[in-house]
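Heads up, the thing below is written out as structure tokens.
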Amino acid sequence: MVREIIHLSVGQCGNQIGSAFWETIAREHGLDQSGHYSGIDTNQHEKIDVYFQEHQDSNYTPRAILVDQDPDIFNAVCSGYGQMFRQDNILSGKYNAGGTWFTEWHDEDAKLVEQVLENVRREAENCDCFQGFQLTHSVAGGAGGGMGTILLSKLREEYPDRMMATFSTMPSLKVSQGLVEPYNAVLAISQLIENCDVVFCLDNEALYDICTERLKIAQPAYANLNHLASMVMSDISASFRFPGQRNSDLRKMAMNLVTIPRLHFLSVAYAPLTNRQPDVGSSHKLTASGLIQQMFKPKNLMTACDVGNRHYLACSAIFRGRVPIQEIEDHVRFIRDDNSECSMERIPDNLQTSYCSQATQGLDLSGTLIENSTAIQHVFQRLSKEFTWLLCRKQYLFPYEMRGLYEFEFTEAVSNMDDLVLDYQLYNAQSL
């Protein structure tokens, strides 16, 4: 039985990444810009219902709800493959909040949240056996961080037995749009700790470095960063969407990767790295050995972490295309043995592999590494430092107080995140 996933894109960043993701998987499933199926491979159609709802004449619409306070961002999102989205699932407020943290303090904001929840209920009713929710957002945005976490909290309350997964973009001073991003990020992460089952972290700092250093893009645009994010999302969801081995749904993936419930923040790496042009890259020359070497390179990791003393709680390598399975297993076994000092002794065989024969479009071979490691603490430490610098000076607090948030809530949020860092440090110390 197909188990459906309902997708939510929240905020400008969340909608841009979500749009890139939907375009990528629509192409992989043989859908054109109007949502009409014209594929020729039975694998494309077998599990298409996980993310798409079928209508008459082989037309499909994404199981997606797009929301932001600013209606103007949908002009770009709804062009091209964005024409597939149901128009009544595109919800917006009446103004640009300018990065201000979203709350239900105003009636208009509360109505927007309730409208989103009503659309979620309708989408859930159209599913036979939906497994959970997938949300794309930026923790640093007013809408992505504020509204995104409010929706997660309400969905957790209404659907307590369903999976909650997010693809959360972490802010960086290299790609920064607002002075209050550290405030928003810490407030959002505090909620993600409590209300999510699994968080795939996409760090703008690492994505920017990949574009400049690995792909040699002098001035990366958001479209370049979004492309990298969409490729990772496509590979992670491939085992849900196509026949494959292991991790056939979101819950099984989370069970394999999240060994300690509170420590559910995951880092990802992708290979081969390509820019947005499909003809760029040398995947046709890439061997299985070369692919694995790239996947495990620290510079391919999409979180800016110090990996020198990291320890793995769990790890999963996803391979797509016609891969030589025995050769892959031999290389992975060597890596597992070579890095045995980086593994938790009480969590044996914590490096797993899964395979999907359906290749990423434009590539012969590709691989995504998902790791649950103690190295992710460095992202939270960076954000805590930036947050504390602002809060000690009580800078920019007034807009938050106007929306019903006060200083003690900031203190509680950063304390919760700092406790998470201590948890990672504890397990890191136990592995030494």
Side-chain angles (χ1 to χ4, degrees), residues 1-9 15 17-66 77-78 80-90 119-120 122-136 162-163 165 167 200 227 229-254 278 318-322 354-363 366 368:
M1 176 184 291
V2 171
R3 302 197 64 202
E4 302 89 349
I5 294 175
I6 298 174
H7 173 98
L8 292 94
S9 294
N15 277 286
I17 291 176
S19 176
F21 165 71
W22 283 106
E23 179 175 347
T24 299
I25 69 168
R27 292 177 185 273
E28 290 182 358
H29 283 282
L31 300 178
D32 60 23
Q33 294 185 357
S34 64
H36 182 74
Y37 176 74
S38 56
I40 56 175
D41 188 343
T42 56
N43 283 343
Q44 291 179 306
H45 193 267
E46 185 174 340
K47 298 176 72 176
I48 194 172
D49 290 338
V50 172
Y51 279 98
F52 295 91
Q53 181 181 356
E54 185 175 8
H55 301 281
Q56 294 180 348
D57 302 324
S58 295
N59 282 319
Y60 290 83
T61 56
R63 300 184 190 276
I65 298 169
L66 286 60
V77 169
C78 294
Y81 273 86
Q83 300 173 53
M84 293 191 303
F85 297 115
R86 287 183 54 157
Q87 293 301 305
D88 55 354
N89 274 351
I90 300 174
N119 284 31
V120 167
R122 186 191 63 205
E123 288 295 327
E125 289 174 359
N126 290 332
C127 298
D128 292 326
C129 183
F130 89 98
Q131 56 182 298
F133 301 95
Q134 167 184 299
L135 182 141
T136 56
R162 304 302 177 183
M163 293 296 295
F167 290 86
F200 298 95
H227 167 74
S230 70
M231 299 301 285
V232 166
M233 292 179 65
S234 171
D235 268 22
I236 290 174
S237 65
S239 59
F240 313 157
R241 301 182 288 113
F242 298 110
Q245 299 178 5
R246 198 178 279 136
N247 296 335
S248 58
D249 63 33
L250 191 55
R251 187 176 298 277
K252 290 180 181 178
M253 176 176 284
I318 302 170
F319 298 95
R320 296 186 63 183
R322 294 185 177 275
S354 62
Y355 302 93
C356 176
S357 60
Q358 195 78 19
T360 302
Q361 195 168 52
L363 300 174
S366 68
T368 293

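Residue indices begin at 1 and follow the sequence shown.
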[atom1]/[X] to [atom2]/[Y] distance, rounded to the nearest 0.5 angstrom?
{"X": "Y81", "Y": "R27", "atom1": "OH", "atom2": "CZ", "result": "4.0 Å"}
{"X": "F319", "Y": "S354", "atom1": "CZ", "atom2": "OG", "result": "8.5 Å"}
{"X": "I318", "Y": "Y355", "atom1": "CD1", "atom2": "OH", "result": "12.0 Å"}

Could you report the tightest heavy-atom contact between [X] and [Y], atom names first, then the distance?
{"X": "P243", "Y": "C356", "value": "O-SG, 4.2 Å"}
{"X": "Y51", "Y": "S237", "value": "OH-CB, 3.5 Å"}
{"X": "S34", "Y": "N59", "value": "O-OD1, 4.5 Å"}
{"X": "E123", "Y": "C127", "value": "O-SG, 3.2 Å"}
{"X": "V50", "Y": "R3", "value": "CG1-O, 3.7 Å"}

Validation row: [X], [Y] side chains within 4.5 angstrom (heavy atoms):
{"X": "Q134", "Y": "I236", "value": "no"}
{"X": "I48", "Y": "L31", "value": "yes"}
{"X": "S9", "Y": "I17", "value": "no"}
{"X": "I25", "Y": "M233", "value": "no"}
{"X": "C78", "Y": "I90", "value": "yes"}

Hey, what's the ring geometry for [X] with [Y], parallel, tilted or perpendicular (30° and 60° as the breaks)?
{"X": "H7", "Y": "F21", "value": "parallel"}
{"X": "F167", "Y": "F200", "value": "parallel"}
{"X": "Y60", "Y": "H45", "value": "perpendicular"}

Within the side chain of [X], is there an N or O that forms a donor-acceptor pair under 3.5 Å with the backbone of [Y]?
{"X": "K47", "Y": "F240", "value": "yes"}
{"X": "R162", "Y": "F133", "value": "no"}
{"X": "Q131", "Y": "M163", "value": "no"}
{"X": "E4", "Y": "C129", "value": "yes"}

Requested in this report: With E28 as reference, evaluate Q358, Q44, R320, Q361 under the side chain to side chain donor-acceptor pair (under 3.5 Å) test and give the passing residue.
Outcome: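 For E28, the side chain to side chain donor-acceptor pair (under 3.5 Å) test succeeds with only one of Q358, Q44, R320, Q361, which is R320.
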Let me know which of T24, T368, D235 forms a side chain to side chain donor-acceptor pair (under 3.5 Å) with T360.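 For T360, the side chain to side chain donor-acceptor pair (under 3.5 Å) test succeeds with only one of T24, T368, D235, which is D235.
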Between R251 and D249, does any NZ, NE, NH1 or NH2 come within less than 4.0 Å of an OD or OE carboxylate oxygen?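 Salt bridge absent between D249 and R251.
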What do you reckon, is CZ of R322 surrounded by more than 12 foreign heavy atoms closer than 6.0 Å?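 No.
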- Message: Would you say the rings of H29 and Y37 are close, in the sense that their centroids are separated by under 6.0 Å?
- Response: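 Ring-ring flag for Y37/H29: false, centres at least 6.0 Å apart.
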Between the side chains of R63 and N126, is a donor N or O closer than 3.5 angstrom to an acceptor N or O?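 Not at all, the side chains of R63 and N126 share no donor-acceptor pair under 3.5 Å.
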- H36 and S38: side-chain donor and acceptor closer than 3.5 Å?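 No, because no side-chain N or O of H36 sits under 3.5 Å from a partner of the opposite role on S38.
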